[in-house]
Structure formats: structure tokens, C-alpha cells
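Right, one structure below, let's go through it.
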Amino acid sequence: MLYKGNLMAGNGDTVKLIRWWGFFLAGLLPFCFLLFQILTRGLGPDPGEAITRFNGLWSLITLLVCLAVTPLNRLLKWRWLVQHRRMIGLYAWFYAVLHVLSGFLLVLDVSIFLEEVVKRPYIAVGMMAFILMTLLAVTSPKAMVRRLGKKWKLLHKSIYVIGVLAVVHYFWLTRADYTQPVFYASILLVLLGIRLYWRYYKKRLGSEGAYRLY
Amino acid sequence: MLIKQPLDIRPSDITDEKVYLSRRQFMRSTAAVVAAGAAPALLSQGVLARENASRQVWVRKIEAQIAAARKSPFSTSEEKTPFDDVLEYNNFYEFGTSKSDPYENSEQFEIQPWAIKVEGACHKPGTYHLEDLVKESQLEERIYRLRCVEAWSMVIPWVGIPLASLLKRFEPTMNAKYVAFETVVRPEQMPGQKSLFSSIDWPYREGLRIDEAMHPLTLAAVGLYGKILPNQNGAPIRLVVPWKYGFKSIKSIVAIRFVEEEPYTTWNNIAPNEYGFYANVNPKVDHPRWSQKSERRLPGGLFGPKRIETQMFNGYAEQVASLYSGMDLQANY
């Protein structure tokens, strides 16, 4: 019996490893696409701006995917998804790092970094989201989870704040046509709304407690 | 030339403009429906070919005039932005908000026939055909710097009619203190106008003070790079006001109105703290979203945008500064 159990665990590990690679490569896809665009000069006459927008958008999309993990796990019982949430979150941070770097190296100017952050509220809001994200990324290793204990959970709840800041940043920098930010804001609203719903109306019914992971 | 209808045509006989403008679409769909029957299909293809031919004749005529355009001493000798970049990087929200949208979405835009309604404080109001207006004008090539309010810039060889000579033929009266312009509204050809979440109240509108409109630098462009104005650049006729931020240079103009009061202008109405009526290029007045001290001259390389200092009035201070003498440019941005 013990042997069989080990064998099953072994299979489970293999599946997990394959999934890990699947997520890892999927997360790299936008980056590869961007590299391809850069190499084939497909970004037009203002590549810096295009790269910055691309990275910002993919950071937001990845962040929303990360926020969808808990609801998907609860609604569809995709427990395996939870195992890869750390990587999804780190990819959101990865694209945010590229977004900030390209914004200040390729579009603006490093020399006016501070002035711009202070003077432009939409950049300030984006910067706040980025600093929080960096905090979450730094505290993402298992050792940090153990060390911070209960505080870790509380700290990582700030992903909700990051989501809101990111969408506000998007709205604020948009001029005239709000179709795109409205689209992403609606997704965020659903993802946060479903949590509130569970918290206040379904608390007693939620027997598994799985949703309380976050 | 003012178009007068002969008296023997009753208003009820005149085809509605919408119907008239949709005839190509009608013919296309007809052609598709009857494609099975050879004879009717051939017939409608014949009509389409004739339509195409008449447009090509018009394009050829305008391009012949463009080729004969006079060079202008106002032109800059700075390096021009390559033709492809001028074609593929545009702000023309009627076709979408991304920079490549106008290039991608403007192919179906019809520029012929093109009528311009002239109204207000002038002696010769009416509806004018663009063909007639261009036919009777001497075109000029003007290589201008174009500075976008978003802090990027290009150098573009426009071809057009000095706006003053165009406006003078409508004989504005003393009451014409401002000139208001309007862009065409055609949601079926301009996907941006169909957007549900746009804060722009179409049509796009812009305006100039009469002395700005009559200034020799102000151009009504009908071409660029020696060719007829591409759809995504504001075909068939647009303003070019080189000392102002690009959004003042309204595209695809269908109405010109001489008015006494400062007219409604689109961006100024959406966000008055960001876009003033004057919108003169001014490195000393920052836009709330970005600094206006410098600009990215396009095309930029990947690692290092060509960042250059922004000049007062986009480098046209010598010619236009006197228009604003005594005005507080910090308040009247």
C-alpha cells in the first residue's frame, strides 16, 4: 500500500511538473511575442511607447488571472490552479517591472523620474501599485511565508488594492475612449465582487473553507 | 464655385445624401447577391468600374496639381519623418484610439464626392464641392514640424492651400471673429464613432481665431509627400496649424462656420484643464499628464528616443508670436 501511495505521489509530481512548465512557458509567451515584434521592427516609429503599453497591459491581464485563481478553484474545484498561483503573480510582477523600466528608459527620461512620479497622478498611482507588487514578489518564497505567518496573509491581501490601483492608473491615462479600461475594470469588479458576495452572504454555507485561502 | 440647383428639380426629386453616399455599398452588396447570374453581375461591375474610374480621374487631377505645387519659404530643412511612419502612426480617434487604428481601419473611407458646408458671418455661404475649391487654387508644399500634445513630433511635407486664400473666397464679414470647423460623422465607415465608452461628442470640432486662421502659415492640406492626402491623415482636406498642438489641426473637414464667439472645441470641452482653446506649443506650460519641455522626434530608435527640446510656438515664434502679444500664455494655454 505504501508503495502504491508513493507511486501515485510520483505520478502526481510528474503531472505537477508538466503543469509547472506549461504555466512557465505560457507566461513567457507575451514576452516572446514582444521580442519578435522588436526584432522584426513591427512596433512602429515609437517603439518605446508601444513596449511600455504592451508590458503594462500584460501585467494587468496576468494580475487579473491571478485574482481569478480563488474563484475558479471554488466554483470549478480547480485545486491544481492554486499550486501555480505564485508563478502567475510573479509574472504579473515581471511584466510590471518591464513596464516601469520601459516607461522610464524608453519613453520618459531617467533624469525626470522623480519629478514625473510626483507631478503626474496617474504615474503616482501606477507606482504605488508597483511598489506593493514588489513587496508581494519579495515575500513570495516559501521561507518568507513561514517567517511572516499570519502577517503574510494580510500582506498578500493587498493584491486587491493593487488591482484597483492598476485599473485606476489605466483609466487615468486614457483619453476620450474608455472601452479598454472599462473592460478590464468590469473583470476586476466581478473578481472582487464575488469575494464580497461569499464573505457576506455565503459565509455560513461555505463549508470547505477553500475560498478562505485568500 | 457656389452650386446652384436648376429650378426644374424639385426637392423631392433629389436623392437623399445618405442614400447617395451609400450607393457604392449598395452596388457591392448587389454585386454579391447576383453573383450567380452572370449578366446582372457584369452590369453592376461595369457601374463599379465607372465609379472607380471617376475617382481615379479625380485622384490623378489632384495629384497633378500636387506635383505642380509651389515650394514654400516656410518649409523647414529638418530631416523628414519617413512616409511609412506618417501613414502608420496617427491620432485620428474616429478610426480608433490606438496609433495604428487609423491606418488599419480607414481603408473603406470614401472621400469622393466631398462637400463642405460654409455658414455664418460671410457673404458667400453655401455648399461647395472640394473638387471645385482645389481646382481653382494654387497648391503649395510646406514642410512643417508637427508637435503632438502627447510629446512626440514629426516633420511632414504637406501640400495644400493657404487657408487664408480658401477662406477669403467665402468673403467673411467683420462679424467673423472666429472660424469653427467640423469633421465628418460616418459611424459606418469610422469605427471609433461607434464606441460606447467614448467621451467625445461627435462630430469632432475645432476652431481658430480669425487672425490665426488667416495667418500665412495656416494650411488646408490636401496632400502629403507629393500624393493625395491618405485617409488616415485626414483625407480629403484637413488643417495644418504648425505652431499649435496637433489636435487643433482638424481632419476630414465638412463644415466651416464664421462666428462671433469662441466656438466649441472638442478636447477643450472634454478636459478644459488639459486642453486650452489656443493650444499653442509652449514648453513652459506643462500638460497635467506629461511635461511639454521636450519631445520625442519620430521615428525613434529602440534604445534611445530622439529627445529634443520643444521650442516656443514649435519654432514658429518669429512668425506668430505677435498674434499673442499682451496675452498671458500661462492662463491662455
Side-chain angles (χ1 to χ4, degrees), chain A residues 34-57 98 101-126 167 169-186, chain B residues 81-91 93-101 103 148-154 191-202 204 247 266-267 269-271 274-275 286-291 293-307:
Chain A
L34 183 65
L35 278 185
F36 175 77
Q37 291 270 71
I38 290 171
L39 293 174
T40 56
R41 304 190 175 276
L43 293 170
D46 201 1
E49 160 107 15
I51 292 170
T52 305
R53 283 192 169 268
F54 182 92
N55 287 324
L57 186 63
L98 293 180
L101 281 179
S102 50
F104 281 102
L105 295 178
L106 308 179
V107 183
L108 297 166
D109 209 295
V110 190
S111 61
I112 52 173
F113 176 87
L114 266 183
E115 188 194 340
E116 287 295 296
V117 172
V118 174
K119 260 193 181 171
R120 321 281 167 215
Y122 78 97
I123 298 185
V125 168
V167 166
H169 171 66
Y170 200 178
F171 262 98
W172 217 332
L173 67 88
T174 299
R175 313 192 297 144
D177 195 322
Y178 295 94
T179 309
Q180 291 278 326
V182 163
F183 174 75
Y184 292 103
S186 325
Chain B
T81 302
F83 188 45
D84 284 350
D85 293 334
V86 176
L87 292 187
E88 292 169 24
Y89 190 90
N90 307 93
N91 273 333
Y93 283 13
E94 277 79 349
F95 291 112
T97 51
S98 135
K99 295 285 185 291
S100 54
D101 280 346
Y103 170 71
C148 179
V149 72
E150 295 168 345
W152 54 266
S153 64
M154 291 185 176
Q193 290 179 336
K194 278 189 283 200
S195 170
L196 294 173
F197 299 102
S198 175
S199 58
I200 296 177
D201 177 19
W202 312 106
Y204 187 85
F247 69 89
T266 296
W267 282 108
N269 192 265
I270 294 172
E274 296 183 34
Y275 314 95
D286 271 0
H287 186 277
R289 290 159 191 263
W290 42 73
S291 162
K293 288 190 198 77
S294 59
E295 63 201 50
R296 306 191 303 284
R297 176 59 56 83
L298 304 186
L302 178 59
F303 295 106
K306 264 181 247 163
R307 185 162 287 283

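Per chain, numbering begins at 1; letters A, B, ... match sequence-line order.
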* Structure fact -> From the list Glu150(B), Glu88(B), Met154(B), the residue making the most non-hydrogen contacts under 4.5 Å with chain A is Glu150(B)
* Where does Trp267(B) contact chain A at under 4.5 Å (heavy atoms): side chain, backbone, both or neither? -> side chain
* Toward chain B, the part of Leu43(A) with a non-hydrogen atom under 4.5 Å -> neither
* Answer yes or no: is there a side-chain heavy-atom contact under 4.5 Å between Arg175(A) and Tyr275(B)? => yes
* **Contacting moiety of Asn91(B), where chain A heavy atoms sit under 4.5 Å** => side chain
* Under a 4.5 Å heavy-atom cut-off, does chain B meet the side chain of Gln180(A), its backbone, both or neither? -> neither
* State whether the side chain of Arg289(B) and the backbone N or O of Trp172(A) hold a donor-acceptor pair below 3.5 Å, judged by distance alone. => yes
* Structure fact -> Here the pair of heavy atoms bringing Gly300(B) nearest to Pro47(A) is O-CD, 3.4 Å
* Asked: Of all of Asp46(A), Leu173(A), Ile123(A), which one pairs up most often with chain B through heavy atoms under 4.5 Å apart?
  -> Asp46(A)
* Sequence neighbours excluded, which residues qualify as ring-ring contact (aromatic ring centres under 6.0 Å, His included) partners of Phe197(B)? -> none
* To do: Identify which part of Val86(B) has an atom lying under 4.5 Å from any heavy atom of chain A, answering side chain, backbone, both or neither.
  => neither
* Structure fact -> When the 4.5 angstrom heavy-atom criterion is applied to Ser102(A) and chain B, the contacting part is neither
* Asked: Hey, which of Ser195(B), Ser199(B), Ser98(B) is the one that makes side chain to side chain donor-acceptor pair (under 3.5 Å) with Asp177(A)?
  -> Ser195(B)
* Using salt bridge (Lys or Arg N to Asp or Glu O under 4.0 Å) as the criterion, list what pairs up with Lys119(A), not counting sequence neighbours. => Glu115(A), Asp286(B)
* To do: Looking only at non-hydrogen atoms, find the nearest pair between Pro121(A) and Pro288(B) and report the distance.
  => CD-O, 4.5 Å
* chain A contact via Ser291(B) - side chain, backbone, both or neither, heavy atoms under 4.5 Å -> both
* To do: Take Arg296(B) and Glu49(A) through the salt bridge (Lys or Arg N to Asp or Glu O under 4.0 Å) test and state the conclusion after the steps.
  => CA-CA 10 Å; Arg296(B) 306 191 303 284; Glu49(A) 160 107 15; 3.3 Å; yes
